[in-house]
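Everything numeric here is computed off the predicted structure, so don't read it as measured data. Residue numbers start from 1 in every chain, and the chains themselves are labelled A, B, ... in the order their sequence lines are given, proteins ahead of strands.
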2 protein chains.
Amino acid sequence: MRPERPPRDRRLSRERIVGVAVGILDAEGHQGLSMRRVATELGVTAGALYWYVANKGEMLELALDAVLGEISVPAPDVEWRRALADLAGSHRRMLLRHPWVLTDLAAQPNLGPNALALSEAGLSILVRAGFADADLDAALAAVNDHVVGAVSAELAWRAAMGPAEGGPQEWAEQMDGYLRRLRAEHPLLAGRMAAASGVDVHAESERRFGFALECLLDGLAARLPHS
Amino acid sequence: MRPERPPRDRRLSRERIVGVAVGILDAEGHQGLSMRRVATELGVTAGALYWYVANKGEMLELALDAVLGEISVPAPDVEWRRALADLAGSHRRMLLRHPWVLTDLAAQPNLGPNALALSEAGLSILVRAGFADADLDAALAAVNDHVVGAVSAELAWRAAMGPAEGGPQEWAEQMDGYLRRLRAEHPLLAGRMAAASGVDVHAESERRFGFALECLLDGLAARLPHS
DNA sequence: ACCTGAACACCGTTCAAGT
DNA sequence: ACCTGAACACCGTTCAAGT
């Protein structure tokens, strides 16, 4: 009990900065992240960060590449369809852990070391499958795009279900009136929303993710040069 | 020449507000949008906006639904694969016109009238194709996710190519050193990047978009109940 | 080399007060 | 009903000055 806390490296560093940045982003999203907040969390003044980082944008780039490192690359002897599905699954789980990444992906160029390693891993799987040249690029893009798009939709769905404030009763009444109007103008959608009201968002999202991925893999397999 | 300008409705309205908001977002992205900026562009004080709009978030929601209305829905007698491809294409072009939408889609629930109409249109095409129940949802999600993911990747690519400041010479030298290091650690990626250096980003993005979409449609067709 | 403290030019939002 | 003007609590970023 002698030292109140272990001194734990009072010294600043890029690593420590992006560490707390990722922590804040995970907990509170982009809204909660400010240079001043990161600084105080490190027991330091805002201006001090600019010794290690050019600006907020660079800090975000570093945070982005840091979490890209969490994606696990399948072993090189796994069959290509399985390997691609595993890679996509790991990619998806990482995006669900760090939802703020999606907002960055659309804007930032994203050329950090982990991003490059990830692309190389995807390419090697598709080369093993038999793809080459322009189709190789298109195939990798197809899988990556599906992951990004699917997680984007899953998060939006979760956010739409989230604000169940005022008890489920008020929400149900509000939804009831909403559905009644909907049934008149958009009958198909109303039917699907009614069917979706009881499902587990997480499980259903995972099912849809797999469904589209299998469609995609079937389509890719059919386009293999000599098969 | 008598009146300096036509009086053009000095009165504020939700419509006029989201109109200039969309204009600013198109021209300068999320970074350029502020309540104060919108206000001065309307010749008014920032506080005045709060009479028509609860906060910045609501203004963004309205802007999002406004541009969703630009997507054109194919006629109900078009064959389903063609109809789905047309709808996806129109969706894609709208996202390329308003890149800021992608940042919103990941966060905002997006349940405005135009969003609902769009979902209904997609569902009706897939019902016509023969899908039902859970597969119907998954099929629609698959197509939408592909559009969102593909445009996201296209914009990131364009942004990465964009900052060709200091002349193409400096950029080429920088890229040269980069590629040399890349060739050692990531040979496949280095090869693809070299091959991509001369291509037209717009045309190649469109090709990849179509490639993955055809893969997806093949996969969907194979999963039709009785075919 | 590394950090503080203060400043600058911004934000979103609220709200009395005017008309 | 609709808008102003001022205020509040924030931002990112810079930069002299300290150590």
Picking from C/dG5, C/dT13, D/dT4, which would you name as closest to the side chain of B/Ala46? C/dT13
Are the side chain of B/Ser34 and the backbone of B/Arg37 linked by a donor-acceptor contact shorter than 3.5 Å? yes
Rounded to whole angstroms, how far apart are CG on A/Leu49 and P on C/dG5? 15 Å
Euclidean distance, B/Glu58 CD relative to B/Arg14 CZ, rounded to 0.5 Å: 4.5 Å
In Å, rounded to the nearest 0.5 Å, how long is the span from CG of B/Leu213 to CZ of B/Arg208? 15.5 Å
For the residue pair B/Val143 and B/Ala88, what are the closest heavy atoms and their distance? CG1-CB, 4.2 Å
For DNA chain C, what are the stems built from at least three Watson-Crick or G-U pairs in a row, each pair having both distances below 3.5 Å? C:4-8 with D:12-16, C:12-16 with D:4-8
Applying side-chain contact (heavy atoms from CB on, under 4.5 Å) to B/Arg93 and B/Glu70, what does each step give before you reach the verdict? CA-CA 10 Å; B/Arg93 286 190 299 276; B/Glu70 298 179 7; over 6 Å; no
Atom-to-atom span, CG of B/Leu42 to P of D/dT4 - whole angstrom: 11 Å
Show the numbers, then the answer: is there a side-chain contact (heavy atoms from CB on, under 4.5 Å) between B/Phe209 and B/Val151? CA-CA 8 Å; B/Phe209 179 80; B/Val151 175; 5.5 Å; no
Below 4.5 Å, heavy atoms only, C-beta onward: do A/Met59 and A/Leu33 meet side chain to side chain? yes
Measure CH2/A/Trp51 against C1'/D/dT19 and give the value in whole Å, please. 13 Å
Check the distance between C/dC2's P and A/Ile17's CD1 and give it to me in whole angstrom. 12 Å
Interatomic distance, B/Leu60 CG vs C/dC11 P [rounded to whole Å]: 15 Å
What's the closest nucleotide to the side chain of B/Thr45 if the choices are C/dT13, C/dG5, D/dT4? D/dT4
Of B/Ala48 and A/Arg36, the one whose closest DNA chain D nucleotide lies more 5': B/Ala48
Proximity to the side chain of B/Tyr50 - top-ranked nucleotide from D/dT13, D/dC3, C/dT14: C/dT14
Given C/dT13, D/dC3, C/dC3, which nucleotide is nearest the side-chain atoms of B/Asn55? C/dT13
The correct set of residues in residues 21-35 of chain A placing a heavy atom under 4.0 Å from DNA chain C is none
Without decimals, in angstroms, what is the distance between B/Arg11 CZ and D/dC3 C1'? 10 Å
Would you say B/Glu120 and B/Val73 make side-chain contact, with heavy atoms under 4.5 Å? no
Tell me, do A/Asp145 and B/Ser152 make a side-chain contact under 4.5 Å, heavy atoms counted? no
How many Å lie between CZ on A/Arg37 and P on D/dC10, as a whole number? 12 Å
